[in-house]
Visitor: 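Mind looking over this structure? Questions follow.
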Amino acid sequence: MKRLINPLIDCVFKAILGDPEHKGILIHFLNSILKQNCPITDVEILNPYNAKEFLNDKLTVVDVKAQDAQGHLYQIEVQLTLERCLSERMLYNWSVLYKKQIEEGEDYSRLHPVIAIWLLDGTLFSESSVVHHHFQVYDSQHQVSLTDHCAIHVLELPKWKKPEHHPLEPEDAWMYFFEEAKHWENLPEELQPIEPLRDAMSVMKRFAERDADYWLYEARLEGQRLQRFRENEMLRVEREKQKVEDDLKQARQMLEETRKQTNQAQQKAEQEKQKADQAQQKADQAQQKAEQEKQKADQAQQKAEQEKQKAEQEKQKAEQEKQKAQQELNMERQETNKLRELLKQAGINPDTAMKS
């Protein structure tokens with residue numbers, strides 16, 4: 001087989017698992033992945049492989065739907081690109097299939113479990129190294145299951161590593177096939193004993209050897225490349241849009257913060273101005289008080305000067321009075337002495353005469 005075929009391309013994937021002529025492949029795949037206590041022995045493929053659906057619509061969402069003898073429904077999908085909200089899409093697709101089991105007014109007892117299996121050519125849960133995740137409606141805190149009707153299995157192919165032990169477990173064999181078969185011209189010897197994988201390889205060889213099937217494969221491959229390009233472009237535009245929105249949000253936050261800081265600075269400046277005005281007012285009041293005290297002191301000094309001058313005048317007056325009195329006393333003494341001399345000259349004792 002010179003042409004290499006990727007089993008994850010939708011038309012090949014559905015031809016492998018969704019062809020009623022090879023439903024043994026699907027049964028083996030389901031039993032290998034689900035590992036149920038009661039293995040599946042037969043299934044009805046509800047949406048069989050049809051090449052026309054791929055030719056008519058390059059954007060067909062391809063899955064495989066099947067139902068076993070107990071009424072359990074199975075949905076298998078492959079995802080080459082991890083689009084946004086893929087987890088939500090998984091749950092929604094499961095819910096659509098679950099809801100379609102009954103019409104309005106029919107009894108809920110007619111509902112059967114729906115098991116979804118997703119093969120991802122990418123890593124959805126980067127926080128976990130586990131390849132196969134099994135999601136259920138389960139209360140992990142109290143270890144109580146609400147129902148077994150919901151099961152979503154997610155297999156991340158890039159995480160898978162080929163184990164060293166042989167033979168491979170059935171699940172590892174299928175993971176090996178879907179992860180590495182795009183490089184194979186023939187099935188590896190270690191997988192040859194597994195008949196469903198030999199049949200799956202035969203389907204791939206048919207796509208490689210028949211021109212009509214190969215050109216369908218090429219058309220689907222190109223369609224998925226274009227779809228992946230569009231999705232990547234949409235993601236790029238969305239990221240750029242988000243970046244612009246984040247930058248705008250950050251700019252608004254910075255502007256708001258600047259406004260807030262400006263308002264705070266203005267408020268602080270106003271408070272400082274008010275404080276300075278109050279200090280200036282207080283200084284003016286202190287200066288006025290000092291001037292008033294100075295005026296009072298000047299007035300007191302003037303009054304003291306006046307009192308001093310008055311005292312000096314009183315002192316001078318008193319001196320003058322004293323001098324006058326002294327002069328009068330001196331004059332009186334002179335008169336007395338003069339009178340004594342006259343009495344002496346008249347032969348009269350001045351002391352006796354003056355006493356009498």
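The model shown is predicted, which means the values in this text are computed figures rather than measured ones.
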Visitor: Output the distance between atom CG (Leu30) and atom NE2 (His72), rounded to the nearest 0.5 Å.
Guide: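 Those atoms lie 12.5 Å apart.
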
Visitor: Examine Arg3 relative to Tyr214 and say whether NZ or CZ is less than 6.0 Å from the centre of the six-membered ring and inside a 45° cone about the ring axis.
Guide: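 So Arg3 does make the cation-pi contact.
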
Visitor: With side chain to side chain contact (heavy atoms under 4.5 Å, CB included) as the criterion, how do Met204 and Val12 come out once you've worked through the C-alpha distance, each side chain's angles and the decisive distance to 0.1 Å?
Guide: CA-CA 7 Å; Met204 291 179 58; Val12 182; 4.1 Å; yes

Visitor: In the single-linkage hydrophobic clustering (I, L, V, M, F, W, Y; side-chain heavy atoms under 4.5 Å), do Leu82 and Val131 co-cluster?
Guide: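 The answer is no; the residues belong to distinct hydrophobic clusters.
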
Visitor: Just wondering, are more than 12 heavy atoms of other shown residues or ligands nearer than 6.0 Å to CD in Gln192?
Guide: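 Yes, enclosed.
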
Visitor: Determine, stepwise, if the pair Thr262 / Thr258 fulfils side chain to side chain contact (heavy atoms under 4.5 Å, CB included).
Guide: CA-CA 6 Å; Thr262 301; Thr258 301; 4.1 Å; yes

Visitor: Sorted by first residue and then second, give each side chain to side chain donor-acceptor pair (under 3.5 Å) pair with at least one member in residues 115-128; sequence neighbours left out.
Guide: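 Every pair satisfying side chain to side chain donor-acceptor pair (under 3.5 Å) with a residue in residues 115-128: Ser128-His133.
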
Visitor: Which atoms form the tightest heavy-atom contact between Phe207 and Leu216, and what is the distance?
Guide: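 Nearest pair, atom of Phe207 first, then Leu216: CE2-CD2, 4.4 Å.
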
Visitor: Any non-hydrogen side-chain atom of Glu332 less than 4.5 Å from a side-chain atom of Glu328?
Guide: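 Glu332 does not reach Glu328 side chain to side chain.
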
Visitor: Check the hydrophobic clustering (I, L, V, M, F, W, Y; side-chain heavy atoms under 4.5 Å; chains of links allowed) and say if Leu97 and Leu111 are grouped together.
Guide: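 Yes, because Leu97 and Leu111 connect within a single hydrophobic cluster, where side-chain heavy atoms sit under 4.5 Å apart.
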
Visitor: Same cluster or not: Trp94 versus Ile102, using hydrophobic residues (I, L, V, M, F, W, Y) connected whenever any side-chain heavy atoms lie under 4.5 Å apart?
Guide: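 Both belong to a single hydrophobic cluster.
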
Visitor: Could you tell me whether a side-chain N or O of Asn31 sits under 3.5 Å from a main-chain N or O of Ile40, the two making a donor and an acceptor?
Guide: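 Yes, Asn31 side chain to Ile40 backbone: donor-acceptor pair under 3.5 Å.
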
Visitor: Share the residues that join Leu255 in a hydrophobic cluster, the rule being Ile, Leu, Val, Met, Phe, Trp or Tyr side chains under 4.5 Å apart at the heavy-atom level.
Guide: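 Members besides Leu255: none; it forms no cluster.
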
Visitor: Residues in salt bridge (charged side-chain N to carboxylate O under 4.0 Å, His left out) with Lys344, at least two apart?
Guide: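 In terms of salt bridge (charged side-chain N to carboxylate O under 4.0 Å, His left out), with neighbours along the sequence ignored, Lys344 is linked to no residue.
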
Visitor: Just do the side chain to side chain contact (heavy atoms under 4.5 Å, CB included) check on Leu120 and Val78 with the steps written out, would you?
Guide: CA-CA 6 Å; Leu120 306 183; Val78 63; over 6 Å; no

Visitor: Please, which pairs that meet salt bridge (charged side-chain N to carboxylate O under 4.0 Å, His left out) have at least one residue in residues 159-169, sequence neighbours excluded?
Guide: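 Every pair satisfying salt bridge (charged side-chain N to carboxylate O under 4.0 Å, His left out) with a residue in residues 159-169: Glu156-Lys159, Lys162-Glu190.
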
Visitor: Side chains of Ile45 and Leu26: does their closest heavy-atom pair fall under 4.5 Å?
Guide: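 The answer is yes; the side chains approach within 4.5 Å.
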
Visitor: Regarding Gln79 and Arg89, do their side chains bring together a donor and an acceptor under 3.5 Å, going by distance alone?
Guide: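 Yes - a donor-acceptor pair under 3.5 Å links their side chains.
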
Visitor: Please write out which residues are connected to Val144 in a hydrophobic cluster, directly or through intermediates, given that two of Ile, Leu, Val, Met, Phe, Trp, Tyr count as joined at side-chain heavy-atom separations below 4.5 angstrom.
Guide: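 Members other than Val144 - counting any ILVMFWY side chain reachable under 4.5 Å - there are none.
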
Visitor: What salt bridge (charged side-chain N to carboxylate O under 4.0 Å, His left out) pairs are there with at least one residue in residues 133-142, not counting sequence neighbours?
Guide: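 Qualifying pairs: none.
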
Visitor: State, with a plain yes or no, whether a side-chain heavy atom of Ile16 is found less than 4.5 Å away from one of Tyr49.
Guide: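 The answer is no; the side chains never approach within 4.5 Å.
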
Visitor: Roughly how far, to the nearest 0.5 Å, is CG of Asp213 from CZ of Arg206?
Guide: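 Taking CZ in Arg206 and CG in Asp213, the distance rounds to 5.0 Å.
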
Visitor: Quick one: closest heavy-atom pair of Asn6 and Lys182, and the distance?
Guide: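 Heavy-atom minimum between the residues: CA-CB, 3.8 Å.
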
Visitor: Hey, is the main chain of Asp68 close enough, under 3.5 Å, to the side chain of Tyr74 for a donor-acceptor pair?
Guide: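 No, Tyr74 side chain to Asp68 backbone: no donor-acceptor pair under 3.5 Å.
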
Visitor: Do Leu187 and Leu197 come close enough that some side-chain heavy atom pair is under 4.5 Å?
Guide: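 With C-beta onward as the side chain, the pair touches.
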
Visitor: Share the residues that join Val244 in a hydrophobic cluster, the rule being Ile, Leu, Val, Met, Phe, Trp or Tyr side chains under 4.5 Å apart at the heavy-atom level.
Guide: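 None; Val244 is a cluster of one.
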
Visitor: Considering non-hydrogen atoms only, spot the tightest contact between Leu168 and Pro163 and give its length.
Guide: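 Closest pair (atom of Leu168, atom of Pro163, distance): CD2-CG, 3.5 Å.
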
Visitor: Would a distance-only check, ignoring hydrogens and angles, find a side-chain to backbone donor-acceptor pair under 3.5 Å from Glu185 to Leu4?
Guide: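 A pair under 3.5 Å: no.
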
Visitor: Apply side chain to side chain contact (heavy atoms under 4.5 Å, CB included) to Leu8 and Leu157, showing your working.
Guide: CA-CA 11 Å; Leu8 297 179; Leu157 293 173; 3.7 Å; yes

Visitor: Atom CD1 in Ile115, atom SG in Cys150: separation rounded to 0.5 Å?
Guide: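 Between Ile115 CD1 and Cys150 SG, I get 9.5 Å after rounding to 0.5 Å.
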
Visitor: Once you round to the nearest 0.5 Å, how far does CG of Leu329 lie from CE of Met331?
Guide: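 It comes to 11.0 Å.
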
Visitor: State the CD-OG distance between Glu209 and Ser202, to the nearest 0.5 angstrom.
Guide: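 Rounded to the nearest 0.5 Å, the CD-OG separation comes out at 9.0 Å.
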
Visitor: If the test is side chain to side chain contact (heavy atoms under 4.5 Å, CB included), which one of Val154, Leu155, Leu80 qualifies with Leu119?
Guide: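 Option passing the side chain to side chain contact (heavy atoms under 4.5 Å, CB included) with Leu119: Leu155.
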
Visitor: Looking at side-chain heavy atoms only, is the closest gap between Lys23 and Asp42 below 4.5 Å?
Guide: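 In short, these two side chains touch, coming nearer than 4.5 Å.
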
Visitor: Quick test of your reading of the model: are Asp10 and Lys14 salt-bridged, counting only N-O distances below 4.0 Å?
Guide: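 No.
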
Visitor: Is a donor from one side chain sitting under 3.5 angstrom from an acceptor on the other, for Glu77 and Asn93?
Guide: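 Yes.
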
Visitor: Which heavy atom of Ala208 sits nearest to which heavy atom of Ile5, and what is that distance?
Guide: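 Looking at all heavy atoms of both residues, the shortest contact is CB-CG1, 3.8 Å.
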
Visitor: Are a donor atom and an acceptor atom from the side chains of Glu88 and Tyr92 found within less than 3.5 Å of each other?
Guide: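 There is no such pair (donor and acceptor under 3.5 Å, judged by atom type) between the side chains of Glu88 and Tyr92.
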
Visitor: Tell me, which pairs form a ring-ring contact (aromatic ring centres under 6.0 Å, His included) where one or both residues lie in residues 147-171, sequence neighbours left out?
Guide: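 ring-ring contact (aromatic ring centres under 6.0 Å, His included) check on residues 147-171 returns Tyr98-His149, His132-His153, His134-His153, Trp160-Tyr176.
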
Visitor: Give every residue pair that meets the side chain to side chain donor-acceptor pair (under 3.5 Å) criterion with at least one member in residues 100-113, sequence neighbours excluded.
Guide: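 For residues 100-113: Glu106-Arg110, Asp107-Ser109.
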
Visitor: For residues Phe13 and Pro7, determine if any side-chain heavy atom of one lies less than 4.5 Å from a side-chain heavy atom of the other.
Guide: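 The answer is no; the side chains never approach within 4.5 Å.
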
Visitor: Do you know the tightest heavy-atom contact between Ser87 and Leu124?
Guide: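 Looks like OG-CD2, 3.8 Å.
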
Visitor: In terms of hydrophobic clustering (I, L, V, M, F, W, Y; side-chain heavy atoms under 4.5 Å; direct or indirect links), are Val96 and Ile76 co-clustered?
Guide: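 Not linked; separate clusters.
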
Visitor: Would you please name every residue forming a ring-ring contact (aromatic ring centres under 6.0 Å, His included) with Phe177, sequence neighbours left out?
Guide: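 Partners of Phe177 under the ring-ring contact (aromatic ring centres under 6.0 Å, His included) test: Trp174.
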
Visitor: Excluding sequence neighbours, so at least two apart, what forms salt bridge (charged side-chain N to carboxylate O under 4.0 Å, His left out) with Glu233?
Guide: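 So Glu233 forms a salt bridge (charged side-chain N to carboxylate O under 4.0 Å, His left out) with Arg236.
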
Visitor: Tell me whether Leu34 is reachable from Leu17 by hopping between hydrophobic residues (I, L, V, M, F, W, Y) whose side-chain heavy atoms are closer than 4.5 Å.
Guide: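 Yes; Leu34 is reachable from Leu17 via cluster members.
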
Visitor: How far apart are the closest heavy atoms of Ser145 and Val137, and which atoms are they?
Guide: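 Nearest heavy atoms, Ser145 then Val137: OG-O, 3.6 Å.
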
Visitor: Less than 4.5 Å apart, any side-chain heavy atom of Asp63 and any of Asn47?
Guide: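 Heavy-atom side-chain distance check passes, below 4.5 Å.
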
Visitor: Can a side-chain donor-acceptor contact be found between Gln267 and Asn263 if the only test is distance below 3.5 angstrom?
Guide: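 Judged by distance alone, the side chains do not pair up.
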
Visitor: Counting C-beta onward and ignoring hydrogens, is there a side-chain heavy-atom pair between Asp19 and Ile25 closer than 4.5 Å?
Guide: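 No, every pair of side-chain atoms sits at 4.5 Å or beyond.
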
Visitor: Do any side-chain atoms of residues 271-278 form donor-acceptor pairs under 3.5 angstrom with protein atoms, and if so which ones, sequence neighbours left out?
Guide:
residue, atom, partner, partner atom, Å
Lys273, NZ, Asp277, OD2, 3.2

Visitor: Verify side-chain hydrogen bond (donor to acceptor under 3.5 Å, both in side chains) between Asn330 and Gln334, making sure each step is shown before the conclusion.
Guide: CA-CA 6 Å; Asn330 290 336; Gln334 289 175 359; over 6 Å; no

Visitor: One thing to verify: whether Glu222 and Arg225 come together as a salt bridge, which I'm taking to mean a side-chain N less than 4.0 angstrom from a carboxylate O.
Guide: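 Glu222 and Arg225: salt-bridged.
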
